[in-house]
Amino acid sequence: MKLLALETSCDETAFAILEDGEKVLANLVASQEELHRRYGGIVPELASRRHLELILPLAFEALERARISLEEIEAVAVTNGPGLIGSLLIGVSFAKALAFGRGLPLLAVDHINAHFLAAFLEEKKPSFPFIALVVSGGHTALFYVRDYLEFYLLGQTRDDAAGEAFDKVAKLLGLGYPGGRIISRLAEKGDPQSIPLPRPLLDQEGFDFSFSGLKTAVAHFVKDLQKKGLPVPIHDLCASFEAAVVEVLVKKTLRALNATGVKNLVVAGGVASNKSLREEFQKLAREDGFFLFLPRPEFCTDNAAMVGVAGYQRWLRKEFASLDLDVYARSQFPRYQF
Ligand code: KG4
Ligand code: ZN
């Protein structure tokens, strides 16, 4: 069964073609980084216009890469939320047109659901139930995942997402956009213990996160140095900031594993491509004896292959979307009940 999947929830226009829900025949991501860099963040209106320009040529390129014709596609999967409304509408309208024009089933996919299902694109697949930590530019959340499309929220960020914190700190340090990769590269040459920064909500019960205070702590630290006319130790600051984010993410996730008694863990989303976060989880999996599933970095950041995995599960269940499918900016997930 060959499925075309697309993803336009944020600033990546992405297409994938999957066979039987897990074999990736093509996976294309056109990033808009260049376009938004000069504004230090995503400009939603520019993002949707760029999606519109890219979507058709990219669809044809995906078919070419997969060496198949449009006639062989049996279903269309698309992200319809959460994300930027204008950007989502481009992808969803395209998917509807294709589904209608060719009489194909339309499969609606939640972007966060897709992020953790990226783990099924790897050879070693998780078994259910598992805990999923989704850490991206828009989301930081822990889920108890009972099945592909059935999952419950344990906790999430009360303010900034982890990736957003990376991006904002990079911006205030004048390092550019997107910040995650830049900070983690600079952090490699710094001492993670050199600058004391807060570990927000770590001493509180529960699974919620908060990252805006950490960003403010970095801003105060920089302001103090500037007032004194001292240089900012950029490598040490990046390393200390990254260490604070990693520690909070890791400890809260371990808490979720312990509280639920679940032995499988999936870590996904753009920030899951962070080297030090990956290494920390790998070390703990060995020490604590849980099973860790980390999609490769290109499946952590936004892509359409993960949308294909989720779409295929909808297809198996015959959960087809109608042509009046709408988009949404935010997800509402049911809570996990202890
Ligand atoms: O999942 P994603 O591609 O898009 C969203 O759904 O938000 O995640 C993008 C986020 C950005 O905030 C980016 O700064 C962050 O992931 N990111 C990283 C790294 N690579 C990307 N954060 C930390 N370390 C990285 N290596
Ligand atoms: Zn994402």
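In each ligand, atom 1 is the first atom listed, and ligand 1 is the first ligand listed. As a basis for the values below, the full set of heavy atoms in this structure was taken, side chains included, without hydrogen atoms, waters or symmetry mates.
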Please tell me whether [X] and [Y] form a close aromatic pair, meaning their ring centres lie under 6.0 Å apart.
| X | Y | result |
| --- | --- | --- |
| Phe151 | Phe333 | yes |
| Phe130 | Tyr144 | no |
| Phe293 | Phe291 | no |

May I ask you to decide if Leu88's main-chain N or O and Asn80's side chain share a donor-acceptor pair within less than 3.5 Å?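 Looks like no, no N/O pair under 3.5 Å.
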Taking both backbone and side-chain atoms of Gly269, is any N or O found less than 3.5 Å from an N or O belonging to ligand 1?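 No, no N or O pair falls under 3.5 Å.
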Short N or O distance, Phe166 and ligand 1, threshold 3.5 Å exclusive: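 By distance alone, the answer is no.
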Which residue supplies the protein heavy atom nearest to [atom], what is that atom called, and how far is it?
| atom | value |
| --- | --- |
| atom 9 (C) of ligand 1 | Gly137 N, 3.7 Å |
| atom 15 (C) of ligand 1 | Val271 CG2, 4.0 Å |
| atom 2 (P) of ligand 1 | Asp302 OD1, 3.4 Å |
| atom 14 (O) of ligand 1 | Asp167 OD1, 2.7 Å |
| atom 22 (N) of ligand 1 | Gly180 CA, 3.3 Å |
| atom 24 (N) of ligand 1 | Asn274 ND2, 2.9 Å |
| atom 21 (C) of ligand 1 | Gly270 O, 3.5 Å |
| atom 20 (N) of ligand 1 | Ser273 OG, 3.2 Å |

Within less than 2.8 Å, report the number of protein N/O/S atoms around the Zn ion (ligand 2).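 There are 3 of them.
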Could you check whether atom CD of Gln332 has more than 12 heavy atoms from other residues, nucleotides or ligands sitting under 6.0 Å from it?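 Not more than 12 within 6.0 Å, no.
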Would the number of heavy atoms belonging to other residues, nucleotides or ligands and lying under 6.0 Å from NZ of Lys171 be above 12?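 Counting other residues, nucleotides and ligands, NZ of Lys171 stays at 12 neighbours or fewer.
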Can you list the steps and then say if Tyr148 with Phe120 is a side-chain contact (heavy atoms from CB on, under 4.5 Å)? CA-CA 10 Å; Tyr148 291 93; Phe120 290 90; 3.8 Å; yes
Evaluate Thr140 against Leu249 for side-chain contact (heavy atoms from CB on, under 4.5 Å), listing each step before the verdict. CA-CA 9 Å; Thr140 298; Leu249 291 174; 3.8 Å; yes
Under-4.0 Å heavy-atom contact with ligand 1, by part of His111 that carries it: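 Near ligand 1, His111 shows its side chain, while the N, CA, C and O stay back.
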Within reach of ligand 1, part of His139 (heavy-atom separation under 4.0 Å):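 Within the 4.0 Å criterion, His139 makes no contact with ligand 1.
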Linking directly or through intermediates, with side-chain heavy atoms under 4.5 Å: list the remaining ILVMFWY members grouped with Ile42, chain and number order.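 Ile42 clusters with Leu84, Tyr177.
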List, by chain and then residue number, the residues other than Met1 in its hydrophobic cluster (Ile/Leu/Val/Met/Phe/Trp/Tyr, side-chain heavy atoms under 4.5 Å); write none if there are no others.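 Leu3, Leu107, Tyr312, Trp315, Leu316, Phe320, listed by chain and number.
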What residues form a side-chain hydrogen bond (donor to acceptor under 3.5 Å, both in side chains) with Ser184, not counting sequence neighbours?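 Once residues adjacent in sequence are excluded, Ser184 has no partner under the side-chain hydrogen bond (donor to acceptor under 3.5 Å, both in side chains) criterion.
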Under a 3.5 Å cutoff, is there a donor and acceptor pairing between the side chains of Asp302 and His115?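 Yes, because at least one side-chain N or O of Asp302 sits under 3.5 Å from a partner of the opposite role on His115.
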Which of these, Asn27, Ile55, Val307, sits in a side-chain contact (heavy atoms from CB on, under 4.5 Å) with Phe15?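 Result: among Asn27, Ile55, Val307, Ile55 is the only option passing the side-chain contact (heavy atoms from CB on, under 4.5 Å) with Phe15.
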Given Ser9, Cys10, Ser184, which one has a non-hydrogen atom that is nearest to atom 26 (N) of ligand 1?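 Comparing heavy atoms across Ser9, Cys10, Ser184, the nearest one to atom 26 (N) of ligand 1 lies in Ser184.
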Numbered atoms and elements of ligand 1 in range of Gly138, under 4.0 angstrom, heavy atoms: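 Matching atoms, with element in brackets: 7 (O).
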Run the numbers for me: atoms of ligand 1, each under 4.0 Å from some heavy atom of His115, listed by number.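 In order of number, 1 (O), 6 (O).
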